[in-house]
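One structure is given below, encoded as structure tokens.
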There are 2 protein chains.
Amino acid sequence: MCKNHTIIFTFVIMVQKMDMADFISNGFKQFIPQLSIDCTIFGYHENQLKVLLRSWKGVDGWCLPGGYIDRSESIEEAAHRILNERTGLTNVFLQQYYTFGDLRRLMNPGNEILLKSSWLYKDARGSWLGDRTISIGYYALIEFSKAVPKPDEFSKDCAWWDIQNLPVLLFDHEQMINKAINTIRTQLKYQPVGLNLLPNKFTLPELQKLYETILDRTIDRRNFQKKILSLGVLKRLDQRRKIGAHRSPSLFTFDKVKYKRALSESKGPGF
Amino acid sequence: MCKNHTIIFTFVIMVQKMDMADFISNGFKQFIPQLSIDCTIFGYHENQLKVLLRSWKGVDGWCLPGGYIDRSESIEEAAHRILNERTGLTNVFLQQYYTFGDLRRLMNPGNEILLKSSWLYKDARGSWLGDRTISIGYYALIEFSKAVPKPDEFSKDCAWWDIQNLPVLLFDHEQMINKAINTIRTQLKYQPVGLNLLPNKFTLPELQKLYETILDRTIDRRNFQKKILSLGVLKRLDQRRKIGAHRSPSLFTFDKVKYKRALSESKGPGF
DNA sequence: CCAAAAGTGTTCTCGGTACACCCATGC
DNA sequence: GCATGGGTGTACCGAGAACACTTTTGG
């Protein structure tokens, strides 16, 4: 059920470099038209939850990194490829969370003007790219420091943004991000997915800050430690982190075997 | 988040009747190609959880009722329409649960032979229908007695099947059904979705049997009643059901206002 | 010695589970 | 009156939530 993160990333055929005109006129031969994948890529840095966004040349406003599905790859492979193209990362925690197919998704009233003045409207409209598109949403949790945001040749920029302070987003991508955040919050309650956002070694206070950031509330320190340790997925290391004029907290790492087991055993109350 | 069931079904333009040849050659003009919706429609009857399946003329094996998305309808509208076409029902509890896009989904080893000997392979292959298709899975919970399975003009049959005793399923539809069942089971733990499967009036023992059937285990009678009543979504009626040589159990109905509120407030343990 | 953060244990409450007796009905 | 199933209450247990003091460290 939740094995996405364990899948060994099969390196799929990378999209051939092609110029924009060629992509507009011939892309549909390689890709499935009218269906895209958008990845909500979360990172965590300086006590902030961040999302990786990209902007297009010639268009104001930002959007989620996305792409089309090659006719010969599965959608999961496509999602991993798209994520790899923007971050350089392989073998990350990546999960499908919802498919967005509202007719309004292209007509976000907040920024319709931005789109109308862009080449997306002028040139892509009329081609396969201008058709209505349904988008499969995936979210990824990655270690911030390992990812190097990479614009592609169509990008003006590709950068991290604070969840709390997002720029103007094109299409329905704000809604997609919100749904992704809700999904993580729910999942975090049952499964220790948050660990994917941290480096190999971390302290419990750091882990707690992450949880507090994602859930947007404070958590009692003692209860947090009791609960998180009771999951049995953490290993205490014989090292401490020096943090200035304070007591040095222990470093932990997580036991990937037990971690995978815990991910697949979500428990809950009720019947 | 879970408002699907509250949406007032907007009656969309029904698919024009067209013959199979026309559909094969021209359907892509009306519908989005390479993307379909498949509905796992659950009903409950005689203490059995049932799924509505259909079979194609000229093809052995069964599959989920599905269809394509009209270019002018949202995917949710499409799902409601497809469900309406097979059951005659509107305004039902319907939820998207996963999008299936494995390359293997068309090549289920268990029944490849069935497909190869069919017109689907001979005639549809080469047309837009023969292309690889990605499918958005929706599940519906409906009141069994209200639905009248309706084959369409391409169908050999359309009928209810016991979850415990499914026929040979084409494509990856068995996997789709299994994932739908798991989704319901998880959801049932947090939200009283099961009520959608029962008639307006029901007794607590009947409701309990439904839960036991879905979860595939027995539940203590006293604890079940305590818990289900504590949700506050049931109203006890001044009526009892006569059930032969036994004490007559009270009938209940559910308070739709409180019910909707309860659906949107899923609680849980954890942080 | 003082400020700041880490580490740790107990109590309370609530929900989940286990369990037993009496009641209504039709034969 | 008896068999069958419906209705109800109590005791135990574990997880979550509330809560305070001591220890380490650098300045």
Side-chain angles (χ1 to χ4, degrees), chain A residues 46-47 185-186 188-192 198 201-213 215-253 262 265-271, chain B residues 46-47 185-186 188-192 198 201-213 215-253 262 265-271:
Chain A
E46 290 175 346
N47 293 338
R185 285 189 179 147
T186 304
L188 199 62
K189 288 181 184 166
Y190 303 108
Q191 299 178 333
L198 291 177
K201 295 178 184 180
F202 51 87
T203 68
L204 288 187
E206 284 160 5
L207 183 59
Q208 181 175 345
K209 272 264 183 274
L210 168 65
Y211 271 67
E212 290 179 335
T213 304
L215 298 176
D216 197 24
R217 63 182 192 81
T218 58
I219 304 172
D220 182 87
R221 203 152 35 93
R222 293 153 289 193
N223 293 334
F224 177 79
Q225 302 206 359
K226 234 183 305 175
K227 165 122 201 226
I228 207 82
L229 290 175
S230 77
L231 296 176
V233 301
L234 297 185
K235 275 190 302 206
R236 189 189 289 264
L237 301 173
D238 272 343
Q239 302 170 42
R240 287 161 177 274
R241 191 190 294 291
K242 294 276 182 192
I243 52 162
H246 310 294
R247 181 167 180 167
S248 306
S250 288
L251 283 169
F252 286 79
T253 187
E265 290 168 8
S266 75
K267 346 170 254 183
F271 297 103
Chain B
E46 291 177 345
N47 294 338
R185 285 189 179 147
T186 304
L188 199 62
K189 288 180 184 166
Y190 304 108
Q191 300 177 332
L198 291 178
K201 298 177 183 181
F202 50 87
T203 68
L204 288 187
E206 284 162 3
L207 183 59
Q208 180 174 345
K209 273 265 182 271
L210 167 65
Y211 271 68
E212 290 180 335
T213 304
L215 298 175
D216 198 25
R217 65 182 191 80
T218 58
I219 304 172
D220 182 87
R221 203 154 34 97
R222 294 153 289 192
N223 295 334
F224 178 80
Q225 302 205 359
K226 234 185 306 176
K227 165 121 199 225
I228 208 84
L229 291 174
S230 76
L231 297 175
V233 301
L234 296 186
K235 277 191 299 207
R236 188 189 290 265
L237 301 173
D238 271 344
Q239 303 169 41
R240 289 161 174 276
R241 193 191 290 293
K242 295 275 180 193
I243 53 160
H246 310 295
R247 181 168 182 169
S248 306
S250 289
L251 283 169
F252 286 79
T253 187
E265 291 168 7
S266 74
K267 344 171 257 182
F271 297 102

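Computed over heavy atoms, backbone and side chain alike; hydrogens, waters and symmetry mates excluded. Lettering follows sequence order; numbering is per chain, from 1.
If you take CG of A:L215 and C1' of D:dA17, they are 16 Å apart, rounded to a whole angstrom. In this entry the distance linking CZ of B:F224 with C1' of C:dA18 reads 17 Å, nearest Å. For the pair B:L229 CG and D:dG7 C1', the computed distance is 11 Å after rounding to whole Å. For the pair B:Q239 CD and D:dG6 P, the computed distance is 18 Å after rounding to whole Å. D:dA15 atom P lies 16 Å from atom OH of A:Y190, rounded to whole Å. The distance from atom CD of B:E206 to atom C1' of D:dG6 is 12 Å, rounded to the nearest whole Å. One interatomic measurement links the two molecules: CZ of B:R241 to P of D:dG5, which rounds to 16 Å at whole-angstrom precision. Atom-to-atom, CD1 of B:I228 to P of D:dT8 comes out at 15 Å; the value is rounded to the nearest Å.
In this structure, B:D220 CG and B:K226 NZ are separated by 8.0 Å, a value rounded to the nearest 0.5 Å. In this structure, the separation between CZ on B:F252 and CG on B:L198 is 13.0 Å, given to the nearest 0.5 Å. B:F202 contributes atom CZ, which lies 5.0 Å from atom CG of B:L234 (distance to the nearest 0.5 angstrom).
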- Task: Heavy atoms under 4.0 Å is the rule here; annotate nucleotides 19-27 of chain C 5' to 3' with B where the base is hit, S where only the sugar-phosphate is, and - elsewhere.
- Result: BB--BBBS-
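Contact between the side-chain N/O atoms of B:K227 and the OP1/OP2 oxygens of C:dG16 is found at a separation under 4.0 Å.
B:I243 approaches B:H246 most closely through the heavy-atom pair O-CD2, 3.1 Å.
Residues B:R241 and B:T203 bring no donor and acceptor atom of their side chains to less than 3.5 Å of each other.
Within the nucleic acid shown, B:S250 comes within 4.0 Å of sugar-phosphate atoms alone, with no base atom in reach, counting heavy atoms only. Within the 4.0 angstrom heavy-atom criterion, only backbone atoms of the sugar-phosphate kind lie near B:R236; the bases stay farther away.
A donor-acceptor pair under 3.5 Å is formed between the side chain of B:E212 and the backbone N or O of B:I219.
A tilted orientation is assigned to the rings of A:Y190 and B:Y190, their planes being inclined by 30° to 60°.
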